[in-house]
Amino acid sequence: MAKKILTEHINVPGIETFDVYRKQGGYTAVEKAIKTMTPEEVVEEAKKSGVRGRGGAGFPMGMKWGFLAKPEGVPRYLVCNADESEPGTFKDHHLMKSIPHLLIEGMIISSYALGANKSFIYVRGELMYVIRILEKAIEEAKAQGFLGKNILGSGYDLELIVQPGGGAYICGEETALLESLEGKRGNPRNKPPFPAVKGLYQSPTVVNNVESIANMSWIINNGGDAYAAIGIGRSTGTKLISASGHIEKPGVYEIELGVSVEEFLNSDEYCGGIRKGHHLKALVAGGSSVPILPAHLIMKTANGEDRLMSYESLSDGGFATGTMLGSGGFIVFDETACIVRNTWNFSRFYHHESCGQCSPCREGTGWMEKVLHRIEHGHGSMHDVDLLVDISKKIEGNTICPLGDAAAWPVASAIRHFRDEFVWHITNPHEATQPGAVYRGEMELA
Amino acid sequence: MTETPNLVAFTPERLEKVKEIIARYPEGRQKSALLPVLHVAQEQWGWLNSEVMDYVAGILSIQPVEVYEVASFYTMYHLDPVGKHVIEYCRTGPCCLMGGEDVYGHLKQKLGVEAGQTTADGLFTLKEVECLAACGWGPVFQIREQFYMNLTNDKVDQIIEDLSK
């Protein structure tokens, strides 16, 4: 069995309660950090661990902590990003509802490290039942002296607040999240200043993903070096992968970074293979925004090396032949999936979720959806394929936040790898618009 | 249909809850309470009309427009009357791969309404939403806080029948 850092105890009955979590060794990391370590030493362990932002950006968490400004007399904030909304991603949902104390414990350790006395967990509003689970866990931790005033007699105070969102993908972008937390529309801010200098209420703020923070208990108990020894190269530790689509066993799996894509997809420990009687056609490895890959580039890189579940291997070949690990939203498509329809679907998502602040994204996402809609519904023209590529290029890199890129990449990559399928829709509109119709031309399946 | 609120005031229990929410934030930052308080308001009235939003603005000492712009930005807030049960079904890629479009088609047929509409008896409102972070358990819809997962036509029939009783 592969190493488990986050999910080792996730199936223990009653693990959502303080008592059972405590019996499994819970909160020993808080005791160790607060009683025997300085905040700087905790930050040092996070740096040594090499753990990278698990929300999708992959930026080293310890380094992000190191950027936090510390002016005298100004409060500092830690905000946990639990606005999980990237299509294909449901790992934080799973983690928080199953083992809420793992996040609470990580929040206490991380807040102590950053010198924050009031920290927030911003959870997407649709997960109201998870918010109630977290609030109950916070009450339990408080009753046991792990939260509130003078934690474990150390003189350190921490209040933990769970904030519901209102239904907006854009609030997963950290500055949009901060705007939302201030009670405003989720419009991303211009940077600089970065949140580390001016974040929540214009105070220095760190925003980290749920999974990133949840790693902290293990890192404190076992040391940053031990964490860094797991995984491969700069992809240290483990990663939660949300597996969905045409596989035998959809679900959330914790992998050691560096396991091969083939093993993850086909072994019974994880996805259990493509659903019976079907063949692999395409894969979105890291949530809907990362480039889609065709079958022949999934198990092997363009150089013929085994493709691994790591930040580096998945991005091998750049966007020409690679993709990204992203948030670990692993969406599998078999031969029954229509790439044009799926691209239109994703495009509609980004159009719907664009905050409307930057013209290239506000207008461009709408145009892409409209053009894809007409291709999918049998009214496309040959000019439309290049038009889509052109629009995607004009959005990419031209917006305040990465939602523009996230909207552009799925469209550009679908055309890069599945252009024949788009052309088939345009040249065979009658056939392509039959219910369940899928292009079965010169396609390599695995 | 939910009744249009005419006497706009939180119930005493909800008012306590709202005060507790406002107290979470630093002094002068009570606007941070806006999203959670709007959820409480929607729990009480089912949807948010301008009287309710003005009332919330008064409680938080902010301008009504600051409430309107937020309530209209976030998709969870209903700005029109809704039925007793709001069924919010996920229309995004992974749920569709798992047969979502067929299941939702069946749901619409069963209720005789399209997305955005309410059944004549006022029991159900259908609402199309984007990804609910439950892709491995799709197709999915949500009614209030409850998730209904791995939906099939049969399951949909059962859920609708149970809620119609």
Side-chain angles (χ1 to χ4, degrees), chain A residues 75 84-94 118 120 124-129 131-132 159 161 163-169 171 180-187 200-201 242-246 249-252 284 288 329 331-334 336-337 341-342 345-346 348-349 352-353 355-356, chain B residues 21 23-26 28-40 42-43 56 60 62 66-77 88 90-102 105 127-138 140 142 144-147 149-150:
Chain A
E84 187 173 58
S85 312
E86 170 91 354
T89 313
F90 48 102
K91 65 190 179 73
D92 296 337
H93 178 181
H94 178 65
K118 198 186 268 293
F120 295 87
R124 60 179 300 177
E126 293 89 341
L127 298 184
M128 202 58 85
Y129 85 99
I131 290 174
R132 298 191 200 286
E159 193 185 347
I161 295 159
Q163 178 86 357
Y169 168 74
C171 292
S180 181
L181 186 43
E182 292 182 2
K184 303 176 202 158
R185 295 163 66 100
N187 287 352
L200 183 64
Y201 310 134
S242 317
S244 68
H246 296 143
K249 298 192 310 166
V252 176
V284 169
S288 59
I331 313 169
V332 181
F333 302 77
D334 71 19
T336 66
R341 191 166 185 82
N342 186 72
N345 184 299
F346 281 175
R348 180 177 63 179
F349 172 85
H352 185 263
E353 299 301 331
C355 79
Chain B
I21 291 170
R24 294 171 181 175
Y25 311 97
R29 301 295 183 178
Q30 77 284 353
K31 190 177 171 181
S32 279
L34 182 51
L35 273 74
V37 170
L38 286 178
H39 283 302
V40 177
Q42 188 156 287
E43 194 182 284
V56 168
L60 297 180
I62 57 178
E66 295 178 82
V67 182
Y68 306 159
E69 65 172 9
V70 160
S72 60
F73 181 85
Y74 296 94
T75 56
M76 288 182 73
Y77 302 118
E88 297 177 291
C90 169
R91 69 175 187 182
T92 319
C95 276
C96 291
L97 281 183
M98 301 316 289
E101 287 162 311
D102 291 341
K127 192 172 168 185
E128 237 179 10
V129 298
E130 296 293 355
C131 188
L132 288 171
C135 319
W137 313 300
V140 171
Q142 186 176 28
R144 288 224 174 195
E145 296 182 19
Q146 175 85 37
F147 276 72
M149 307 192 276
N150 300 308

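Throughout, protein chains are lettered first and strands after them, A, B, ... in sequence-line order, and every chain is numbered starting at 1. When reading the values below, keep in mind they use all heavy atoms of this one structure, side chains included, and skip hydrogens, waters and symmetry mates.
Both the backbone and the side chain of Arg91(B) come within contact range of chain A, judged by heavy atoms closer than 4.5 Å. Both the backbone and the side chain of Cys355(A) have a heavy atom closer than 4.5 Å to some heavy atom of chain B. For a residue to count as touching a neighbouring chain, one of its non-hydrogen atoms must lie under 4.5 Å from one of that chain's; by this rule Glu101(B) touches chain A with the side chain only. Heavy-atom distances place no part of Val284(A) under 4.5 Å from chain B, backbone and side chain included. For Arg132(A), the part sitting under 4.5 Å from any heavy atom of chain B is the side chain, from C-beta outward, and nothing else.
The choice from Arg29(B), Gln142(B), Glu88(B), Met98(B) that makes the most heavy-atom pairs within less than 4.5 Å of chain A is Arg29(B). In terms of non-hydrogen atom pairs under 4.5 Å with chain B, the most contact-rich of His93(A), His246(A), Glu84(A), Arg124(A) is Arg124(A). Heavy-atom pairs under 4.5 Å with chain B peak, among Ser242(A), Pro75(A), Ala337(A), Ser180(A), at Ser180(A). Interface summary for chain B: among Glu353(A), Glu86(A), Lys91(A), Lys118(A), the most heavy-atom pairs under 4.5 angstrom belong to Lys118(A). Between chain A and the residues Leu35(B), Leu60(B), Val67(B), Val37(B), the largest count of heavy-atom pairs under 4.5 Å involves Leu35(B). Ranked by heavy-atom pairs under 4.5 Å with chain B, the first of Ser244(A), Gly166(A), Pro250(A) is Gly166(A). Chain B forms more heavy-atom pairs under 4.5 Å with one residue of His94(A), His352(A), Arg348(A) than with any other, namely Arg348(A). Listed options Ala168(A), Ser85(A), Gly125(A) were ranked by heavy-atom pairs under 4.5 angstrom with chain B; first place goes to Gly125(A).
Aromatic ring pairs are classed by plane angle as parallel below 30°, tilted from 30° to 60° and perpendicular above 60°; the pair Tyr169(A) and Phe349(A) is perpendicular.
In this structure, Phe147(B) has its ring center no closer than 6.0 Å to that of Trp137(B).
Although no hydrogens or angles enter the test, the distance criterion places a donor-acceptor pair under 3.5 Å between the side chain of Glu182(A) and the main chain of Tyr201(A). A donor-acceptor pair under 3.5 Å is formed between the side chain of Gln163(A) and the backbone N or O of Ser32(B).
Side-chain contact between Thr75(B) and Glu130(B) is absent, with no heavy-atom pair separated by less than 4.5 Å.
Put simply, CG on Asp334(A) and CG on Leu97(B) are 8.5 Å apart, with the number rounded to the nearest 0.5 Å.
The side chain to side chain contact (heavy atoms under 4.5 Å, CB included) check on Lys31(B) picks up Lys184(A), Ile62(B), Glu66(B), with sequence neighbours excluded. By the ring pair (Phe, Tyr, Trp, His ring centres under 6.0 Å) test, Tyr74(B) pairs with no residue at all, sequence neighbours left out.
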Verify side-chain contact (heavy atoms from CB on, under 4.5 Å) between His39(B) and Met76(B), making sure each step is shown before the conclusion. CA-CA 9 Å; His39(B) 283 302; Met76(B) 288 182 73; 3.8 Å; yes
